[in-house]
Number of protein chains: 2
Amino acid sequence: MPEAGYHHGDLQEALIAATEAILADQGAEGFTLREAARRAGVSPAAPSHHFGNAPGLLTEVAIRGYQELGAALKQAAEKKEPLHLRLHAQGLAYVAFALKYSGRFQMMFSNKRLVAGDERLRKASRDAHREFEVVVAALVAGTPKQAKVAATVAWSTAHGFAKLALEGKFGDPGTDSGRREIMAMLRQVLEYLWPIESARR
Amino acid sequence: MPEAGYHHGDLQEALIAATEAILADQGAEGFTLREAARRAGVSPAAPSHHFGNAPGLLTEVAIRGYQELGAALKQAAEKKEPLHLRLHAQGLAYVAFALKYSGRFQMMFSNKRLVAGDERLRKASRDAHREFEVVVAALVAGTPKQAKVAATVAWSTAHGFAKLALEGKFGDPGTDSGRREIMAMLRQVLEYLWPIESARR
DNA sequence: TCTTTAACTTGACACTGTTCAGATTAGGTC
DNA sequence: GACCTAATCTGAACAGTGTCAAGTTAAAGA
């Protein structure tokens, strides 16, 4: 694990960490392969031996992002009654993740920069999405098909809200007060979609 | 309007058209300023005299995109009874726009590549969004604030669904059959959100 | 016609991702 | 311990990018 010398020791992880750092403080557009190599203290050509090319590295980062997101959704749904609260918690967790790790989040959903059709990536994305389904299935009385539709509604709404929020449509996501505005608006949206008290209007 | 000679005649429009063409057949990531200049038959430095820089040109294209999108939403809402159908039509129009002009659509919502805080851009975006509000306000019995929330729900859902669809989460948006799958799923989502027949469950 | 000014080009600079031949070293084998 | 192989990384190069400063061309107004 020595960071100096001709052989890095654990360049793979160092590059992933460097990429996440860049995404964190420069955003998705700020990433360059050379900068990642620079931060890992290695030549521009080094990453190719581990990840093939830039999309290869980014795909690895995206996979981990989906796993984190899935875990956050799972955790948000635990031990919440009534069941509606679980969906609220998941929506809040989804947007909170998007705001907190905005660069990574944006990268996770920009297929053009990832390895098109990577099987592990598809699986990670599906697994995260499924976290919505398990909650929705418990809530919606209906066929599995209806549950799938409801889960798609939940995902689409959370995702659309997060994306629009990141583009500054609901307030500046770069400031504390802006983020509070955004989350307040989100709570109203969730309440509209899945009212907590009464049955749906 | 002569296309040849030292002075182009109408380079402004030519560059915008070239940009839209690139976005149409290469996608948002495929755009380069030099390629736009190339297609307009002009040197790489020429665009700067009209748009300052690449974000300047892209912002102009995005503004027109929002205007088109707003017009499509407005048109979709015309002459449809019952009122729920207007929202359905708007959702369908939103996603149809995203699928048809995917490159431009993606660019419209990638602030990092546009002029941050351009006033005309903000207005164009707001105007498009407002098309949701006018329909929702007529539908939702409630305070203006509630109408705003409902409009945000509509926008978020349509936008999220469109984005996820473009990333291939509901089928391949590049094929006819994939697009049919996507639109079929969307119809179910809209029916879940705003059931046509009965009152909301 | 002359001159001002807008439009455009040329050439340069600092970047980018990727490739390829070569240098280095880690780890297993004698 | 010495040797060899295979993995790892470097250095230099290439084609491409956005943008800038200085120079060239032509349109428009006096």
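Bear in mind that the values here come from a model prediction, so they are computed numbers and not experimental data. Note on naming: letters A, B, ... go to the chains in the order of the sequence lines (proteins, then strands), and numbering restarts at 1 for each one. Heavy-atom basis, side chains included; hydrogens, waters and symmetry copies ignored.
For B/Q90 (side chain) and B/L73 (main-chain N/O), a donor-acceptor pair under 3.5 Å exists by modelled atom type.
Across the protein-nucleic acid pair, A/L11 atom CG and C/dA26 atom C1' stand 15 Å apart, rounded to whole Å. Separating the CD atom of A/Q12 from the C1' atom of D/dA7 is a distance of 12 Å, rounded to the nearest angstrom. One atom, CG of B/L33, and another, C1' of C/dC15, lie 15 Å apart when rounded to the nearest Å. The CD atom of B/E29 sits 15 Å away from the P atom of D/dT17 (whole-angstrom rounding). Taking atom CZ on B/R34 and atom P on C/dC13, their separation rounds to 14 Å, with Å as the unit. For B/F31 and D/dG18, the CZ to C1' distance is 10 Å, given to the nearest whole Å.
For B/A72, the side-chain contact (heavy atoms from CB on, under 4.5 Å) criterion is met by no residue, not counting sequence neighbours. Here A/D176 pairs with A/R179, A/R180 under the side-chain contact (heavy atoms from CB on, under 4.5 Å) rule; sequence neighbours left out. Qualifying side-chain contact (heavy atoms from CB on, under 4.5 Å) partners for A/S125, counting only residues two or more places apart in sequence or in other chains: A/Y66, A/W155, B/K169. Listed by chain and number, the residues in a salt bridge (Lys or Arg N to Asp or Glu O under 4.0 Å) with B/R120 are B/E60 (sequence neighbours excluded).
Toward the 5′ end of DNA chain C lies the nearest nucleotide of A/E35, the other residue of the pair A/A45 and A/E35 mapping further downstream.
At the heavy-atom level, B/R38 lies under 4.0 Å from the strands shown only through sugar-phosphate atoms. Heavy atoms of B/S43 sit under 4.0 angstrom from at least one base atom.
Nearest nucleotide to the side chain of A/V42, out of D/dT10, D/dT19, C/dT18: D/dT10. In this structure, the nucleotide among C/dT9, C/dT18, D/dC9 sitting nearest to the side chain of A/A46 is D/dC9.
For DNA chain D, the residues of residues 48-63 of chain A within the heavy-atom distance limit of 4.0 Å (strictly under) are A/H49, A/H50, sorted by number.
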Under 3.5 Å, which donor-acceptor pairs do the side chains of residues 48-59 of chain A form with other protein atoms, sequence neighbours left out?
| residue | atom | partner | partner atom | Å |
| --- | --- | --- | --- | --- |
| A/S48 | OG | A/A45 | O | 3.0 |
| A/H50 | ND1 | A/Q12 | OE1 | 2.8 |
| A/N53 | OD1 | A/G56 | N | 3.1 |
| A/T59 | OG1 | A/P55 | O | 2.7 |
| A/T59 | OG1 | A/V115 | N | 2.8 |

Margin query: Working note: B/M108 + B/Y101, criterion side-chain contact (heavy atoms from CB on, under 4.5 Å); need CA distance, chi angles, decisive distance, verdict.
Written below: CA-CA 11 Å; B/M108 284 160 57; B/Y101 308 109; over 6 Å; no
